[in-house]
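It should be emphasised that the depicted structure is a prediction, and the values quoted were computed from it without experimental measurement.
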Amino acid sequence: MEIKYCSKCGTELSVGDSFCSNCGTRQSYIENNSISNLEKDSTKRIRFTDAVTKCLKNVFNLSGVATRAEYWWFYLFKAIALFGILYANAYVGINYRSAIVFSEIHPAFLFAISVILGLVSSVIAIASLSVAVRRLHDTNLSGRFICLGFIPFLGIIALLVMFCQKSVVNGNKYINVSMNKSRKIRVIVLYVIYSMLAAWLYIGMYISEMHFMLYR
């Protein structure tokens, strides 16, 4: 018998149920998926470009799930992108330092480059955090386990093990569960604060570098 899950609480229901027997929420036939279809989606291969596009489109989305392939493809993209950003920052600092010192290039040029690279880094970091939470949901674990990353070594190892687990479809309470509006606003506010702090960090690094180049 095909079954589905409540879009609010995740309770297991039969396909024909219009209301959840646990919380009473009306079910939408459009969002209902059978176990066989969900299992097919969880094992379906996803291309690198599709995974990156999907994660960037869901930067502020902490609800739903992300497959193992989706998470690791984006992890590879993050590693490549951050390496490129560090290289670009170092390249600009080394090759244009003398030009700025001798007033051949305005300091605002280096400032603009630093801000752009900082914003790109912030977007990638936020998307990485969001897809990590959805990956935990895909294994039927709470996104709060992401806090294990604050525990040196052991916490990171535990998260790596969780991220490598297979998708859990049968009984997964996070499938078809959407984030309410108030919570989504709080998440966006926290991410904006994080981005502002990252921007101030880059500005501080820029000012320090300019002071070193001009007054050393």
Q. Within a strict 4.5 Å, meaning less than it, do heavy atoms of the Arg135 and Arg68 side chains meet?
A.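 In short, these two side chains touch, coming nearer than 4.5 Å.
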
For [X] versus [Y], what's the shortest heavy-atom pair and its separation?
X: Asp50; Y: Ile46; value: CB-CG1, 3.8 Å
X: Ile175; Y: Val65; value: CG1-CG1, 4.3 Å
X: Leu56; Y: Ala127; value: CD2-CB, 4.3 Å
X: Met162; Y: Thr139; value: O-CG2, 3.7 Å
X: Gly143; Y: Leu136; value: O-CD1, 3.9 Å
X: Ala81; Y: Ile124; value: CB-CD1, 3.5 Å

(Q) Between Ser130 and Asn61, is there a side-chain donor-acceptor contact under 3.5 Å, judged purely by atom types and distance? (A)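 Their side chains do not contain a donor-acceptor pair, so the 3.5 Å distance test is not met.
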
Could you tell me which residues satisfy side-chain contact (heavy atoms from CB on, under 4.5 Å) with [X], sequence neighbours excluded, listed by chain and number?
X: Val131; result: Cys55, Ala66, Glu70, Tyr71, Phe74, Arg134
X: Leu76; result: Phe48, Trp73, Ile80
X: Ser142; result: Arg144, Phe145, Tyr174
X: Ile151; result: Leu148

Quick one: pull up [atom1] in [X] and [atom2] in [Y] and give me the separation to the nearest 0.5 Å.
X: Leu82; Y: Ile85; atom1: CG; atom2: CD1; value: 5.5 Å
X: Thr53; Y: Asn58; atom1: OG1; atom2: CG; value: 11.0 Å
X: Lys173; Y: Leu141; atom1: NZ; atom2: CG; value: 9.0 Å

**Q.** Within residues 74-88 or reaching into it, pairs that qualify as side chain to side chain donor-acceptor pair (under 3.5 Å) - sequence neighbours excluded
**A.**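 Only Lys78-Ser128 qualify under side chain to side chain donor-acceptor pair (under 3.5 Å).
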
Q) Asn140: what forms a side chain to side chain donor-acceptor pair (under 3.5 Å) with it, not counting sequence neighbours? A)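 For Asn140, no residue satisfies side chain to side chain donor-acceptor pair (under 3.5 Å) once neighbours in sequence are set aside.
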
Would you say [X] and [Y] are hydrophobically clustered, going by side-chain heavy atoms of ILVMFWY under 4.5 Å?
X: Phe77; Y: Leu160; answer: yes
X: Phe163; Y: Val168; answer: no
X: Val120; Y: Phe83; answer: no

